Amino acid sequence: MNYLPVVTILLMALSTYFTRILGYLLLRNRQLSPRMQAIMDAAPGCILITIISPYFVTDRPADLLALAISLFAASRWGLLPVVLIAVMSTAVLRFML
């Protein structure tokens, strides 16, 4: 049995958890400036863009259509609904096309 995918997922989960805890520990007693607060508020959207940006140059029609749906949803709703719509539309379109 190949354990590499399981180990990869576990390491990704640990690194995500570690960065959240580290951020909390470093910033828990500090008053953030308005500029720093704006940066912290923009970070999740920036991370999402870095994840989906390779699909802007794909030649798969399902991914391009899912990207268009995701961009439309991003112009209307918040982060969580957009992620759910993006994942579902990608799965359905990849299955259908």
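Here the structure is a predicted model, which is why all the values come from computation and not from measurement. Hydrogens, waters and symmetry mates are skipped; everything else that's a heavy atom, side chains included, is used.
Placement of I51 and W77 in two distinct hydrophobic clusters is found when ILVMFWY residues are connected by side-chain heavy-atom separations under 4.5 Å, directly or transitively. Linking ILVMFWY side-chain heavy atoms closer than 4.5 Å, directly or via other members, places L79 and F72 in two distinct hydrophobic clusters. A continuous path of Ile, Leu, Val, Met, Phe, Trp and Tyr side chains, each step under 4.5 Å between heavy atoms, connects I39 with L32, placing both in one hydrophobic cluster. Both I49 and L71 are assigned to one and the same hydrophobic cluster, defined by single-linkage of ILVMFWY side chains at heavy-atom distances under 4.5 Å.
Here the CG-CE distance, from L14 to M12, works out to 11.5 Å after rounding to the nearest 0.5 Å. With values rounded to the nearest 0.5 angstrom, L67 atom CG is found 10.0 Å from S53 atom OG. Between I69 atom CD1 and L93 atom CG the span is 5.0 Å, to the nearest 0.5 Å. Note that CZ of R94 and CG of D63 are 4.0 Å apart. Values are rounded to the nearest 0.5 Å. Residue T16 holds its OG1 atom at 9.0 Å from CD1 of I47, rounded to the nearest 0.5 Å. To the nearest 0.5 Å, atom CD of residue Q37 and atom CD of residue Q31 are 9.0 Å apart.
Contact of the F56 side chain with the L64 side chain is not registered, since no non-hydrogen atoms from C-beta on lie closer than 4.5 Å.
Exactly one of L10, L4, T8, I9 qualifies for a side-chain contact (heavy atoms from CB on, under 4.5 Å) with V6. That residue is L10.
Other residues sharing a hydrophobic cluster with L80 under the 4.5 Å side-chain heavy-atom criterion for ILVMFWY residues are L84. Residue Y17 belongs to a hydrophobic cluster whose other members are I21, Y24, L25, with links defined by side-chain heavy atoms closer than 4.5 Å.
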| query | Between L27 and M40, is a side chain to side chain contact (heavy atoms under 4.5 Å, CB included) present by the stated rule, with each step listed? | reply | CA-CA 11 Å; L27 298 175; M40 297 299 282; 3.7 Å; yes

